[in-house]
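Shown next, in C-alpha cells, is the structure this report addresses.
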There are 2 protein chains.
Amino acid sequence: MSDRDMKQQQVLQALSALANATRLEIVRLLVPLGEEGLAAGRIAARLGLSASALSFHLSSLEQADLLTSQRISRQVFYRANHARLGNVISYLLNDCCAAHPQIRRCCTTAAASND
Amino acid sequence: MSDRDMKQQQVLQALSALANATRLEIVRLLVPLGEEGLAAGRIAARLGLSASALSFHLSSLEQADLLTSQRISRQVFYRANHARLGNVISYLLNDCCAAHPQIRRCCTTAAASND
DNA sequence: CAGACATTTCAATTACTCATGAAGTGTTGA
DNA sequence: TCAACACTTCATGAGTAATTGAAATGTCTG
C-alpha cells in the first residue's frame, strides 16, 4: 500500500467518524477543552447520551485517531487530537482539493463567505 | 430548525458523501477541471466504474451540493462546487474546531506537518 | 471483601450503504 | 422512426452502522 493510499485510508476513516451528528458534537465539545479533556460520564451528561451509546461513538472517534483517552482512577478522560484534526482538514484542502484558490479562500478568511 | 443546525445538517451530508474512497476520487478528479467539468462517461472510464455505480455516487455528491451537473446533448457534465467544498472545510476549521491555533496551522502552511 | 461507581462489551434488532445487472429515459443520427 | 448512445433508475442482496438494554470489567470506599 502506497504512502498516499495509507494517508487516504486514514482520512476516510476520520471522515466517516466525523460524518455523524453525535460524533461531530463530541468533537466540538472536546476541541476547546484541549489537554484538560472531559470524562466520558460528563460528555454523556452534556449531550444526553446513554453510557453505551456514548462509548460506541467514542471508540469510533478513537479508532480514527481523532480522540485520545486516559483512565484516571474510575473515570476515562477523552481529549481531541488536534494534530489529527488538522491533518484531515489539510488533506481535504491541499491533497483532495489541490489548494484550489476559491476553496482555500474560505479557510484563510475568519468567517467563510457562504454560497 | 436553527440556522446552525441547518448548516450542520448540510455539512454532515457533505462529510458522508466525502467519506467514501470512490467519491473522494471523483472530487479529486473534478476539482482541478473547474468549470470545464467532465462527462459522466469519462469519469467512469477514468476511475474504472460501471455506469450505474458511478451514477449512484454522483447523485450522492450532487445531493450534498458538492457537484453540479449539466446535460449537454447526450452527455451529462459534472463539475465540482468549489464554494461548497470551501464551506465544508471552513465549517470543520472554524465552527467545529473553533479555529484552534494548532488545527489552523495545518491549513495555512502549504504542506501540513503530519503526526 | 462487599457495594457503589464509571465505563465498556455483548447480543439482538433495525436501518442504512454499496454493488450489480436489468430495465427505463432522453438524445442523436441514419 | 429505429437503432445506438449516454446515462439514470430500479430491484435485489450483502455488508456495515447505529440503538438498546443487560452483563461484564475495572476502580475506589467503607
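In what follows, every chain begins at residue 1, and chains take the letters A, B, ... in the order their sequences are listed.
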Query raised in the report: Backbone N or O of A:L67 within a donor-acceptor pair of the A:N81 side chain at under 3.5 Å?
Result: no
Next item on the list: May I ask you to say what A:A44 touches in the nucleic acid, namely base, sugar-phosphate or nothing, with a heavy-atom cut-off under 4.0 Å?
Entry: nothing
- Check every strand shown and say whether B:A51 touches a base, only sugar-phosphate, or nothing at a heavy-atom separation below 4.0 Å. base
From CZ of A:F77 across to P of C:dT8 the rounded distance in Å is 12 Å
* To do: Mind checking A:S52 for me? I need base, sugar-phosphate or nothing, with any heavy atom below 4.0 Å counting as a touch.
  => base
Whole-Å distance, B:I72 CD1 to C:dT28 C1', equals 15 Å
| query | Has A:Y78 got a side-chain N or O lying under 4.0 Å from the OP1 or OP2 atom of C:dT8? | reply | yes
Regarding A:R79 and A:Q70, is there a side-chain donor-to-acceptor distance under 3.5 Å anywhere? yes
Note to self: Is any side-chain heavy atom of B:I72 closer than 4.5 Å to one of B:Q75?
What the structure shows: no
Do B:Q8 and B:Y91 meet the criterion of a side-chain donor-acceptor pair at a distance under 3.5 Å?
yes
Separation of D:dA18 atom P from A:L49 atom CG, nearest Å, is 13 Å
To the nearest angstrom, the CZ-P distance between B:R74 and C:dT28 comes to 7 Å
